[in-house]
Amino acid sequence: MTKPRVRFAPSPTGALHIGGVRTALYNYLFAKQQGGAFILRIEDTDQNRYVPGAEKYIIETLRWVGLIPDEGVDFDGAYGPYRQSDRKEIYQKYARELVTRGRAYYAFDTPEALEVRRAAEENFTYNHLTRGGLTNSLTLPAAEVQHRLDAGEPCVIRLLVEPGQAIRINDLIRGEVVFQSSELDDKVLLKADGMPTYHLANIVDDHLMAITHVIRGEEWLPSTAHHVLLYEGFGWQDTMPQFAHLPLILKPVGNGKLSKRDGAKFGIPVFPLEWKGATPEDSFSGFRDTGFLPEAVINFLALLGWHPGGEQEIFSLNELIAAFSIEHISKGGARFDYEKARWFNQKYIQAADNGVLATHIRPLAEAKGYRVSDAYLAQVAGLMKERVTFLPDFVEVGYYLFESVRVYDAEALHKKWNTGLSPVFEDLTDLVATFEPFNGVALEEAVKNFISAKGLKPGDVLPLLRLALAGTMKGPAIFDMAEALGQDETAERLRRFVAYAGKNAESAVNG
RNA sequence: GGCCCGUUCGUCUAGGGGUUAGGACGCAAGAUUUUCAUUCUUGUAACACGGGUUCGAUUCCCGUACGGGCUACCA
């Protein structure tokens, strides 16, 4: 069997939806597993919906999640150009060829005229029943058609759908699907502006680019019948690609497919990257800026509508490639489960190398004005990675590893502190300030000895020591923090704490 | 409305003519960690409904219901 060639063909009309990323992923996994090629084609045939920056966004997304195309816009390849607006003449040529072959025709009806017709007639469609009464090269004398064409009158080219035939599609996910041609409309192939519609461009390009498998969203299933007719019309049925229509991603709650609006509605990202639109309503946060690791997003998306069987949940990209199969893709829509996405991220952060985490944390730390070494960042990563869900948590939840304690947990302080502890903590501060060697293990032993020498229990002192260092009862092991903070800082925090607790204890007693 | 697709725990799913219907997330309880989190253990919870076919259907077939998609000179 020849190597498969698949394409991801998004339209640059705005930020790439997370469902689009999943489509790209499945295409990529299939291609890589079979040793084939993954191609990025930009489908910008609608000039009205073109959004500047969208193409760049798509490419940046693919790079971020690591789905690097073998060919495509920005990636070279021998079948280019890969941007449909750069292929305009090609489509015109093929559209005319179809007319010549008697499989398509010119239609001069204006959009406005058709609009009027639709308003007057319920369920009006341009098809074998109505085309005889409309203005096209099927109804007009040949001479007039030529005259109109020569005069440059605006017109479109429509697919001539012959009624009475059953069109069978063998979908790799759904099995055989049958459509009756009598129910199909004469789709526009070439628009009046000279640009092709999706239907024409997609068939011509898939053929010219030697695409073997079309893996796309379920919303394309109904028009696949037209696509088959197009392959036949061109005489390309022998090399027609195989189809696989993916189930949709549904809203977290309620009915319908996941939409960009759901991001704001549920406070969750539905886009891979941040998107800055013209207005706040058209701007969205993404998985990346929320603090997801790309590997976690891939793992989450892969399992949203597909599972190889077995009980494994965590898959690296290479494992996904090895395990992937189109047959195991679910048929039903998959609800977007953000809790699961969070869980994946947490797992990936936990499993990540401290040094790698440090590189992710650095920009976040710098944004807050923290100036620290890579080694320290790696240390923080090690201390916090089992306590965070998102990357920013390192500098937000664990802020006290970068700057002084902002606030002491009042409840814990009142519960544990008493004025009799003041001299104890002053002595403890001295111990910490002078103890050698200053490392977590040795310090822990020394402090525990100190506690018992004072006739106290660990529970009398340790929680307060934690408060002194972090201000909160949550967090990494006390002596690990002390070691990370260093001797001077640890002692300093103890001094500040003793001063604060002293005042606080008085007010607590009085009030 | 018409055409097409779908339906296993709350969610993502495995499975497949006879199973204690498995796993994961979530939730709950317990253990460990003198914090929190992690980790571990246990628990919770599902075959949409009605007819067939069959010795036997969650699994196969047909309906119904519900959900979804498409029905543009958008993709």
Side-chain angles (χ1 to χ4, degrees), chain A residues 9-13 43-49 84 107 109-112 114-115 118 122-127 154-158 169 171 173-175 177-180 182-185 187-199 201-202 216-225 245 247-248 250 252-253 255-257 300 303-314 328 330-344 346-347 350 383-389 397 409 412 448 457-463 465-467 470 472-478:
Chain A
S11 186
T13 54
E43 309 226 329
D44 58 344
T45 54
D46 187 349
Q47 298 171 320
N48 299 319
R49 291 213 306 159
Q84 291 185 329
D109 316 271
T110 64
E112 294 73 26
L114 294 175
E115 205 51 56
R118 282 193 192 92
E122 220 165 324
N123 302 328
F124 168 80
T125 49
Y126 209 121
N127 62 15
C155 74
V156 301
I157 290 179
R158 283 183 183 270
I169 295 156
D171 190 276
I173 295 172
R174 289 153 211 286
V177 181
V178 185
F179 294 90
Q180 298 303 324
S182 316
E183 284 153 2
L184 269 29
D185 64 331
K187 284 238 179 297
V188 169
L189 301 177
L190 196 71
K191 301 182 267 187
D193 65 1
M195 282 294 228
T197 58
Y198 171 87
H199 308 292
N202 146 66
R216 78 226 301 194
E218 192 180 15
E219 68 269 27
W220 294 112
L221 188 50
S223 57
T224 305
H245 291 275
L248 269 39
L250 277 15
V253 299
N255 297 335
K257 63 176 177 180
F300 165 64
L303 263 32
L304 203 57
W306 169 81
H307 199 282
E311 293 177 358
Q312 188 176 348
E313 296 284 333
I314 303 294
H328 277 104
S330 305
K331 295 185 180 75
R335 210 172 270 280
F336 186 84
D337 183 1
Y338 192 60
E339 286 302 322
K340 194 96 174 230
R342 288 170 54 101
W343 177 78
F344 273 115
Q346 196 180 319
K347 292 298 259 189
Q350 275 173 38
L383 253 28
M384 293 299 293
K385 70 181 183 183
E386 287 183 344
R387 283 162 252 267
V388 302
T389 303
V397 176
D409 181 327
K448 284 182 173 169
K457 294 193 291 278
D460 298 328
V461 177
L462 263 19
L465 180 51
R466 166 175 298 285
L467 235 33
T472 166
M473 291 307 292
K474 301 176 180 179
I478 295 171

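The chains referred to below are lettered A, B, ... by the order of the sequence lines, with proteins before strands, and numbering in each begins at 1.
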Donor-acceptor pair (no angle test) under 3.5 Å: A/Arg335 side chain, B/C12 base: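 No, no donor-acceptor pair under 3.5 Å.
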
Taking atom types as they are modelled, is there a donor-acceptor pair under 3.5 Å from the base of B/A24 to the side chain of A/Lys340?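 Under the 3.5 Å cut-off, the side chain and the base do form a donor-acceptor pair.
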
Nearest listed nucleotide, side chain of A/Asn255, among B/G22, B/G68, B/A75: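 Nearest listed nucleotide: B/G68.
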
Nearest to side-chain heavy atoms of A/Arg49, which nucleotide of B/C70, B/C74, B/G22: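 Shortest atom-to-atom distance from the side chain points to B/C74.
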
Paired with [N] by Watson-Crick or G-U wobble geometry, both distances under 3.5 Å: which nucleotide is it?
N: B/A24; answer: B/U11
N: B/G67; answer: B/C5
N: B/C47; answer: none
N: B/U39; answer: B/A31
N: B/A57; answer: none

Taking only N and O in the side chain of [X], is any of them less than 4.0 Å away from OP1 or OP2 of [N]?
X: A/Ser330; N: B/U13; answer: yes
X: A/His328; N: B/G15; answer: yes
X: A/Arg158; N: B/C73; answer: yes
X: A/Thr45; N: B/A75; answer: yes

Touch class at under 4.0 angstrom, heavy-atom based, for A/Gly332 against every strand present: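 Sugar-phosphate contact only.
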
Send over the distance from [X] [atom1] to [N] [atom2], rounded to a whole Å.
X: A/Phe336; N: B/G67; atom1: CZ; atom2: C1'; value: 20 Å
X: A/Asn127; N: B/A72; atom1: CG; atom2: P; value: 11 Å
X: A/His307; N: B/G22; atom1: NE2; atom2: C1'; value: 11 Å
X: A/Leu250; N: B/U13; atom1: CG; atom2: C1'; value: 15 Å
X: A/Asp193; N: B/A72; atom1: CG; atom2: P; value: 18 Å
X: A/Ile173; N: B/G6; atom1: CD1; atom2: P; value: 11 Å
X: A/Leu304; N: B/A24; atom1: CG; atom2: P; value: 18 Å
X: A/Glu219; N: B/G6; atom1: CD; atom2: P; value: 16 Å

Looking only at atom [atom1], what distance separates [N] and [M], rounded to whole Å?
N: B/U7; M: B/C12; atom1: C1'; result: 15 Å
N: B/U44; M: B/A37; atom1: C1'; result: 24 Å
N: B/U32; M: B/C40; atom1: C1'; result: 8 Å
N: B/U19; M: B/A57; atom1: P; result: 12 Å
N: B/C5; M: B/G43; atom1: P; result: 41 Å
N: B/G1; M: B/G15; atom1: C1'; result: 39 Å
N: B/U64; M: B/G6; atom1: P; result: 16 Å

Any N/O pairs under 3.5 Å between the protein and nucleotides 38-43 of chain B? List them or say none.
| unit_1 | atom_1 | unit_2 | atom_2 | d |
| --- | --- | --- | --- | --- |
| B/U38 | OP1 | A/Gln346 | NE2 | 3.4 |
| B/U38 | O3' | A/Gln350 | OE1 | 3.4 |
| B/U38 | O2' | A/Glu386 | OE2 | 3.4 |
| B/U39 | OP1 | A/Lys347 | NZ | 2.8 |

Tell me if the aromatic rings of A/Phe300 and A/Tyr338 count as close, with their centers under 6.0 Å from one another.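 Centroid distance A/Phe300-A/Tyr338: not below 6.0 Å, so no.
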
List every contact pair, protein side and nucleotides 1-5 of chain B side both N or O, where the distance is under 3.5 Å.
| unit_1 | atom_1 | unit_2 | atom_2 | d |
| --- | --- | --- | --- | --- |
| B/C5 | O2' | A/Arg174 | NH1 | 2.4 |
| B/C5 | O2' | A/Glu218 | OE2 | 3.1 |

Could A/Asp337 and A/Lys340 be called an ion pair, given the rule that one side-chain N must be under 4.0 Å from one carboxylate O?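 Here A/Asp337 does not pair with A/Lys340 in a salt bridge, since their nearest N and O are not under 4.0 Å apart.
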
